[in-house]
Amino acid sequence: MPREIHFFNTLTRRVEVFHPLEPGHVRMYTCGPTVYNFVHIGNLRTFLFEDVLRRTLAAFGYRVTQVMNLTDIDDKTIKGAAAEGVSLREFTDRYVAAFFADIDALGIQRAEHYPRATDFIPQQVELVQRLTARGHTYVQDGSTYFRIATFPGYGKLSGLDLDEVKAGARVDADEYEKEDVRDFVLWKAAKPGEPAWETALGPGRPGWHLECSAMGMTLLGESFDIHTGAVDNIFPHHENEIAQSEGATGKAFVHTWLHAEHLVVEGQKMAKSAGNFFTLRDLLEKGYDPLAIRYLLVSVPYRQKLNFTFDGLHAAAAGVERIGNTLRRLAHTPPAVGEGSLPAETVDEFFAEFDGGLADDLNTARALAAVHTLLTKVNQALDAGGIGDGGRRRVEAAFAHLDAVLGIVPKAAAADTADADVDALIAERNATRKTREFARADAIRQELTARGIVLEDTPHGTVWHRTK
RNA sequence: GGUGACGUAGCCAAGUGGUAAGGCAGGGGCCUGCAAAGCCCUCAUUCGGCGGUUCGACUCCGCCCGUCACCUCCA
């Protein structure tokens, strides 16, 4: 039996116990990138939340089937391809590859499916036809629209009052003519110079929302468990997905909707015009460790705004280092005879608190606090009587669990353990230390420091590791 | 104008009726030839402000101040 987990469901605005439709198997759809540019750290915050979600579910014993769409047809991709005079596919392929490179760099696990909107045109057309058969659509100037007046549940996700929307200041930003400003386009009539498909709906291309409904239902079924995105997707995107999907099937589309809050930079909204806009590449070029970036973006619970600051990034780097240092100490310290100084309960308490935090709507801050408490206790035990084999296995299991869920445990490089040249220098240094020739000893240490190697003289001998 | 969040130490942040987790930074100490790593002590008489409810409120209610998000294509 998988562990019980609670989520705040945007649809009900309450924290609920989660029950997948098929016991033990979670089907989830996570809104992915529009592939017209490199993803920025705000996008990454959302993808990292989704990554922690799937890792937590897996660690809790659920089977997970995740879909993440790649939006490769919309105004921005069309414009980008046209600007460079290349095909839409050629243009978007480049950013699809960049997207995978970025999520790999951050250790984001791959979803089971990455459907592209342009590969699912027939499914999208069929969905519109089903909607038409049920009287939810109308055609104007070659475009097909969804008439929201035919869907009584419209607004249930966002809680928006449609009369207010109608009265709102920003209306009809769309270039297409609609019967009612609140209606949205399902299928856009072909325009000169834009990609178009010849279909039963006439020549054209899918509207923005259509792909997610069509691909989600094709790959996960007409009803599935979880749908995620960032808060700005609640309206109109997710609201429209519900209308399209439930209008076509008459069934509940998604049971649990989870939305990540935005990331801000130094307290300000991230914007290119404000000069505080960062992609992963920008940060890596500045020399930041991807693991530290991951730690920072994962450390604030997903429903809180995350204030990205360079101070915070340094703190995150320190956190990652502390995990690595403790792991290294554990490896270098000889096992204690017997049980040693780390009670089994300490690790039990870690698991209880770490998992308890995650089960509480993915409270990663609470989980991380448990991690630091464990680190302190492990170090205390290492300073005291050491840790026996049994205790070591328990601690290693705890680190493995931490890494499986949050993915923030640094890997020890194999090179750190074997290098004859370094070993020779260390032997020489220790010989000079014995004879109290500290000037020579320090010179050797400085030389190694210059080579990116840090020495530590422990009670069990001198150990070394490379700096990042 | 409508809807919804949020405001906890220098910074990030948990808690949400029983008397303030955790991390980073800072200060002091132990260990070390010196370091590094680690450990110990210290760091909010107080949770935006003012009232109210209560034996008791950071936690509930009201008002005010401030920051922010969404209101048709922005993760």
Side-chain angles (χ1 to χ4, degrees), chain A residues 13 30-34 39-47 49-50 71 74-76 158-174 178 181-185 207-209 228-237 239-240 259-264 267-271 295-296 299-301 303-309 311-319 321-322 324-326 328-329 332-333 353 357 363-373 375-376 378-380 382-384 433 436-438 441-442 445-446 449 454-459 462-465:
Chain A
R13 289 168 201 279
T30 48
C31 273
T34 299
V39 292
H40 61 248
I41 55 175
N43 297 305
L44 260 4
R45 195 268 168 113
T46 300
F47 300 147
F49 141 64
E50 289 154 353
T71 299
D74 82 323
D75 291 348
K76 287 179 299 239
S158 56
L160 285 180
D161 181 334
L162 290 178
D163 295 329
E164 292 297 338
V165 172
K166 193 176 187 178
R170 289 161 61 187
V171 294
D172 207 11
D174 205 300
K178 297 181 280 193
V181 293
R182 302 167 300 176
D183 291 339
F184 60 93
V185 66
W208 175 36
H209 317 294
T228 72
V231 287
D232 57 276
N233 283 150
I234 296 172
F235 189 87
H237 188 223
E239 194 70 65
N240 290 350
H259 292 97
E261 248 302 344
H262 279 178
L263 168 154
V264 296
Q268 303 295 310
K269 180 168 180 161
M270 185 167 72
Y295 184 109
L296 176 60
S299 67
V300 178
R303 286 203 292 129
Q304 289 296 322
K305 272 196 245 317
L306 190 157
N307 187 12
F308 179 93
T309 66
D311 275 356
L313 191 47
H314 290 124
E321 223 173 295
R322 184 162 186 245
N325 288 340
T326 303
R328 201 170 55 242
R329 289 189 84 205
H332 288 313
T333 306
E353 187 55 25
N363 189 336
T364 48
R366 210 178 120 192
L368 233 26
V371 171
H372 278 100
T373 301
L375 292 173
T376 298
V378 167
N379 281 127
Q380 284 171 338
L382 254 16
D383 281 348
R433 286 172 72 212
R436 304 192 68 81
E437 297 168 73
F438 295 123
D442 290 346
R445 187 167 62 196
Q446 274 165 29
T449 301
V454 178
L455 298 187
E456 292 176 25
D457 297 322
T458 77
T462 300
V463 299
W464 62 276
H465 66 275

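Naming: A, B, ... by sequence-line order, numbering from 1 per chain.
- Between Thr376(A) and Gln380(A), the closest side-chain pair of non-hydrogen atoms falls below 4.5 Å.
- Between His259(A) atom NE2 and rA5(B) atom P the separation is 15 Å, expressed in whole Å.
- Within the 4.0 angstrom heavy-atom criterion, no nucleotide atom of any strand lies near Ala260(A).
- Side-chain atoms of Arg433(A) and Asp457(A), non-hydrogen and from C-beta on, do get closer than 4.5 Å to each other.
- The partner of rA9(B) is absent, by the rule that a Watson-Crick or G-U pair needs both atom distances under 3.5 Å.
- Set against rA75(B), rG22(B), rC73(B), the side chain of Thr373(A) has rG22(B) as its closest nucleotide.
- Here, rC63(B) and rC55(B) have their P atoms 24 Å apart, quoted to the whole Å.
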Can you tabulate the close N/O pairs, meaning under 3.5 Å, that link protein atoms to atoms of nucleotides 66-69 of chain B?
unit_1	atom_1	unit_2	atom_2	d
rC68(B)	O2'	Lys305(A)	NZ	3.4

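- Under the ring pair (Phe, Tyr, Trp, His ring centres under 6.0 Å) criterion, His237(A) pairs with Trp208(A), His209(A), not counting sequence neighbours.
- Both distances falling under 3.5 Å, in either a Watson-Crick or a G-U wobble arrangement, occur for no nucleotide opposite rA25(B).
- Rounded to whole Å, atom P of rG22(B) lies 13 Å from atom OH of Tyr295(A).
- For the residue pair Asn325(A) and Arg328(A), a side-chain donor N or O sits within less than 3.5 Å of a side-chain acceptor on the partner.
- Of the two residues contacting RNA chain B, namely His40(A) and Ser299(A), the nearest-nucleotide position lying further toward the 5' end is that of Ser299(A).
- For rG2(B) and rU72(B), the C1' atoms lie 16 Å apart once the distance is rounded to whole Å.
- Across all strands shown, rU32(B) forms no Watson-Crick or G-U wobble pair with both distances under 3.5 Å.
- Across the interface with RNA chain B, nearest-nucleotide mapping of Ile41(A) and Arg303(A) shows Arg303(A) to be the residue nearer the 5′ end.
- No engagement by Pro459(A) is indicated, since no non-hydrogen atom pair under 4.0 Å with the nucleic acid exists.
- A 4.5 Å side-chain heavy-atom check between Arg445(A) and Thr462(A) finds every atom pair outside the cut-off.
- Between rC73(B), rA14(B), rU72(B), one nucleotide has an atom nearer to the side chain of Phe235(A) than all others, and that is rU72(B).
- One finds the OG1 atom of Thr309(A) at 7.0 Å from the CG atom of Leu296(A) (value rounded to the nearest 0.5 Å).
- Rounded to whole Å, the distance from NE2 on His314(A) to C1' on rC24(B) is 11 Å.
- Pair assignment for rG17(B): none, as no Watson-Crick or G-U wobble contacts are both less than 3.5 Å.
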Reading nucleotides 28-41 of chain B 5' to 3', which nucleotides get B (base under 4.0 Å from a protein heavy atom), which S (sugar-phosphate only), which -? -----BBBBSSSS-
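- The interatomic distance linking Asp74(A) (CG) with rU72(B) (C1') rounds to 14 Å, in whole Å.
- Counting any heavy atom pair closer than 4.0 Å across all strands shown, Ala315(A) reaches sugar-phosphate atoms only and no base atom.
- The phosphate of rA75(B) has neither OP1 nor OP2 within less than 4.0 Å of any side-chain N or O from Asn233(A).
- Counting only distance, with no hydrogens or angles, the side chain of Glu50(A) and the backbone of Thr30(A) share no donor-acceptor pair below 3.5 Å.
- Across rA69(B) and rC64(B), the matching P atoms stand 22 Å from one another, rounded to whole Å.
- Val300(A) comes within 4.0 angstrom of the backbone, heavy atoms only, and of no base.
- rA13(B) sits 34 Å from rC73(B) when the C1' atoms are compared, rounded to a whole Å.
- A distance of about 27 Å separates the C1' atoms of rG15(B) and rU3(B), rounded to the whole Å.
- When both distances must be under 3.5 Å, the Watson-Crick or G-U wobble mate of rG51(B) is rC61(B).
- Using a 4.0 Å heavy-atom distance criterion, Gly42(A) is classed as a base contact.
- With both ends at atom C1', the span from rA37(B) to rC58(B) equals 38 Å, rounded to whole Å.
- Thr373(A) is not listed as a side-chain neighbour of Glu353(A), based on a closest heavy-atom distance of 4.5 Å or more.
- In this structure, Leu263(A) atom CG and rA75(B) atom P are separated by 13 Å, rounded to whole Å.
- Asn307(A) has its CG atom 13 Å from the P atom of rG7(B), to the nearest Å.
- rG17(B) sits 8 Å from rG56(B) when the C1' atoms are compared, rounded to a whole Å.
- Pairing for rU46(B) is absent, with no Watson-Crick or G-U wobble pair whose two atom distances lie under 3.5 Å.
- His332(A) has its side chain out of reach of Thr458(A): every pair of non-hydrogen atoms, C-beta onward, lies at least 4.5 Å apart.
- In this structure, rG1(B) forms a base pair with rC71(B), meeting either the Watson-Crick or the G-U wobble geometry with both donor-acceptor distances under 3.5 Å.
- The same atom, P, is picked in rG29(B) and in rC34(B); the two are 14 Å apart, to the nearest Å.
- When the C1' atom of rC71(B) is taken as reference, atom CG of Asn240(A) falls 13 Å away, rounded to whole Å.
- Taking the side chain as every heavy atom from C-beta outward, Leu368(A) and Tyr295(A) approach each other to under 4.5 Å.
- Using modelled atom types, one finds a donor on one side chain and an acceptor on the other under 3.5 Å when comparing His262(A) with Asp232(A).
- Taking 4.0 angstrom as the limit, Asn43(A) places none of its side-chain polar atoms (N or O) nearer than this to OP1 or OP2 of rC74(B).
- Counting any heavy atom pair closer than 4.0 Å across all strands shown, Glu239(A) reaches no nucleic acid atom.
- Checking His40(A) against Asn43(A) by side-chain atom types alone, a donor-acceptor pair falls below 3.5 Å.
- Side chain of Arg45(A) to main chain of Lys305(A): no donor-acceptor pair is present (N/O by atom type, distance under 3.5 Å, no hydrogens or angles).
- Listed nucleotides rA14(B), rG22(B), rA75(B) differ in distance to Asn363(A); the shortest reach to its side chain belongs to rA14(B).
- Per the geometry, NE2 belonging to His237(A) stands 13 Å off P belonging to rC73(B), to the nearest Å.
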